[in-house]
Amino acid sequence: MSADSAISVSCVSHRYESRVALDDLTLEVREGEVFVFLGPNGSGKTTLFRVLSTLIPLQEGAVSILGHDLQTELAAIRSALGVVFQAPSLDKKLTVFENLQHQGRLYGLQGAELNDRAKRMLTSLGVADRAGDLVETLSGGMRRRVELAKGMLHRPRVLLLDEPSTGLDPGARADLWQYLRQVREAEGVTILLTTHLLEEADRADRIAIMHHGKLAALDTPAALQASVGGDSITIRTEHPAKLAEQIRAKFQCEATELEGTVRLEQPDGHEWISRLVEAFPGEIQAVTLGKPTLEDVFIDRTGHRFLGDE
């Protein structure tokens, strides 16, 4: 574990009977960064979240969080973690403030200190004016803010969030990310979250792309997109396997069949469109050109579309 690491994961594997959910996973999360585990359903990110949040025991490998061993120092780790689950954890029949009071008491907070922390957290997240309202009267976005306030109440050094944008509209999702960055800047918290939303992952400092329990890629969003190696060209055709083979033979470049289309990556992609249409005028129905995206990175590293076959 390096000196600036908040979380170190080394050779971690996890199985559910015969199914492998995590397969020899190794990575580090730096202190103070916003780190995203990106992957479709079945990629292993939720299992990893459960391991890191101490919900399920570590089966194989080693995990260190803030210098504490996950297998032997659970109490120290739990006191330093803030966790926001995908499923709502608020009591709808209590007020916003009552939910935070209950959470604070679980961490040994009470009296004036608890009330002061609750008020500060609600103010920083823009929901202080709803402190006396029942949770069941709040919108989905407001509830997410309260969930975040609840998770941050005891001033954790690491905040874990499982699919935090679930059920939120785009505006509420943007607000959530604004609050996460505010929390990171104000409190110096390391934020780690799981998501299956490509546009959400693009906001992170670094992204770990997961596929079938393995680490497919790890870097900044910009570096991952730059690694694809050129513009993304997608061709719609009646016979994709045949056209992919013809393109490889004529241009000596890599072309792959992907879910009924032909895909290739080339610098100066706009120049390739005319070459392809001239070379195969009767085969090409449509051509799409785009700059590399995180989905292109996922396809490049796994050979699958992001939500395909998962």
Side-chain angles (χ1 to χ4, degrees), residues 6-7 27 29-41 43 45-46 48-49 52-53 81-90 96 99-100 120-130 135 138-210 217-225 291-298 306-307:
I7 298 174
L27 56 86
V29 179
R30 300 166 187 154
E31 284 196 38
E33 75 176 337
V34 179
F35 191 97
V36 166
F37 288 106
L38 173 68
N41 295 332
S43 62
K45 62 185 188 301
T46 297
L48 181 59
F49 177 89
L52 295 179
S53 59
L81 290 182
V83 183
V84 177
F85 300 100
Q86 180 177 358
S89 64
L90 300 174
V96 168
N99 268 276
L100 266 63
R120 287 186 182 184
M121 196 53 59
L122 292 176
T123 298
S124 68
L125 289 167
V127 286
D129 60 331
R130 307 297 297 273
V135 168
L138 303 181
S139 66
M142 283 289 183
R143 292 184 190 183
R144 268 304 186 198
R145 297 188 202 181
V146 178
E147 294 269 13
L148 188 57
K150 181 179 171 183
M152 286 292 300
L153 186 63
H154 62 292
R155 294 177 180 167
R157 292 176 58 191
V158 174
L159 182 62
L160 305 178
L161 304 101
D162 189 19
E163 302 280 358
S165 293
T166 298
L168 299 185
D169 60 44
R173 191 177 303 150
D175 287 344
L176 173 65
W177 272 91
Q178 179 182 346
Y179 298 134
L180 289 179
R181 294 202 174 277
Q182 288 177 358
V183 165
R184 192 262 297 269
E185 296 302 322
E187 306 287 340
V189 178
T190 301
I191 298 174
L192 187 153
L193 60 91
T194 69
T195 186
H196 63 277
L197 301 173
L198 293 165
E199 68 276 13
E200 183 166 71
D202 208 17
R203 302 169 184 259
D205 295 325
R206 288 195 302 152
I207 302 170
I209 296 179
M210 298 186 64
L218 171 59
D219 213 325
T220 65
L224 287 172
Q225 291 166 21
K291 294 297 181 183
T293 65
L294 288 178
E295 181 166 22
D296 293 319
V297 176
F298 188 85
F306 186 70
L307 293 179

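Quick caveat: nothing in here was measured; it's all calculated off a predicted structure.
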| field | Derivation and outcome, side-chain contact (heavy atoms from CB on, under 4.5 Å), residues Y179 and V127 | value | CA-CA 12 Å; Y179 298 134; V127 286; over 6 Å; no
| field | R144 side chain vs S165 backbone, donor-acceptor pair below 3.5 Å | value | no
| request: Rounded to the nearest 0.5 Å, what's the gap from CD on E200 to CG on L38? Could you check? | output: 9.5 Å
| Which value, rounded to the nearest 0.5 Å, describes the distance between R206 atom CZ and D219 atom CG? | 7.5 Å
| message | Any non-hydrogen side-chain atom of F37 less than 4.5 Å from a side-chain atom of T46? | response | no
| field | Qualifying residue for side-chain contact (heavy atoms from CB on, under 4.5 Å) with L192, from V36, L159, L52 | value | L52
| Do M121 and K150 come within less than 4.5 Å of each other through their side chains, counting heavy atoms only? | no
| field | Donor-acceptor under 3.5 Å (K45 side chain, T194 main chain) | value | no
| note | Heavy-atom nearest pair, R184 first then I191, reads CB-CD1, 3.9 Å
| Atom CG in N99, atom CG in L90: separation rounded to 0.5 Å? | 5.0 Å
| Just wondering, are more than 12 heavy atoms of other shown residues or ligands nearer than 6.0 Å to CZ in R181? | yes
| So, E33 side chain and R30 main chain: donor-acceptor pair closer than 3.5 Å or not? | yes
| note | Smallest heavy-atom separation, A201 atom then P221 atom, equals O-CG, 4.2 Å
| request: For the pair R143 (side chain) and V135 (backbone), establish whether a donor and an acceptor sit closer than 3.5 Å, ignoring hydrogens and angles. | output: yes
| E147 side chain to S89 backbone, donor-acceptor under 3.5 Å | yes
| query | Can you check side-chain contact (heavy atoms from CB on, under 4.5 Å) on I7 and T190, steps first, answer last? | reply | CA-CA 9 Å; I7 298 174; T190 301; 5.6 Å; no
| Counting distance only, does the side-chain N/O of D205 pair as donor-acceptor with the main-chain N or O of V34 below 3.5 Å? | yes
| task | Please report the shortest heavy-atom distance between G82 and P156, naming the atom on each side. | result | N-CB, 3.3 Å
| message | Let's go through V84 and L193 carefully: what are the C-alpha distance in whole Å and the side-chain angles of both, what is the deciding distance for side-chain contact (heavy atoms from CB on, under 4.5 Å) to 0.1 Å, and is it a yes or a no? | response | CA-CA 9 Å; V84 177; L193 60 91; over 6 Å; no
| Going by heavy atoms in the side chains, are I207 and V297 under 4.5 Å from each other? | no
| field | Test applied, side-chain hydrogen bond (donor to acceptor under 3.5 Å, both in side chains); reference residue, Q225; option that passes from D202, T220, D296 | value | D202
| query | Is there side-chain contact between F35 and L218, with heavy atoms separated by less than 4.5 Å? | reply | yes
| request: Starting at CZ of F85, measure out to CG of L160 and round the result to the nearest 0.5 Å. | output: 9.0 Å
| field | Intermediate values then yes/no, side-chain contact (heavy atoms from CB on, under 4.5 Å), T293 and L198 | value | CA-CA 9 Å; T293 65; L198 293 165; 6.0 Å; no
| request: For residues V83 and S53, report the shortest heavy-atom separation together with the two atoms involved. | output: CG2-CB, 4.2 Å
| query | Rounded to the nearest 0.5 Å, what separation is found between the CE atom of M152 and the CD atom of E187? | reply | 5.0 Å
| query | Are the charged groups of R145 and D175 less than 4.0 angstrom apart, N to O? | reply | yes
| query | How many angstroms lie between CG in L125 and CG in L180, if you round to the nearest 0.5 Å? | reply | 9.0 Å
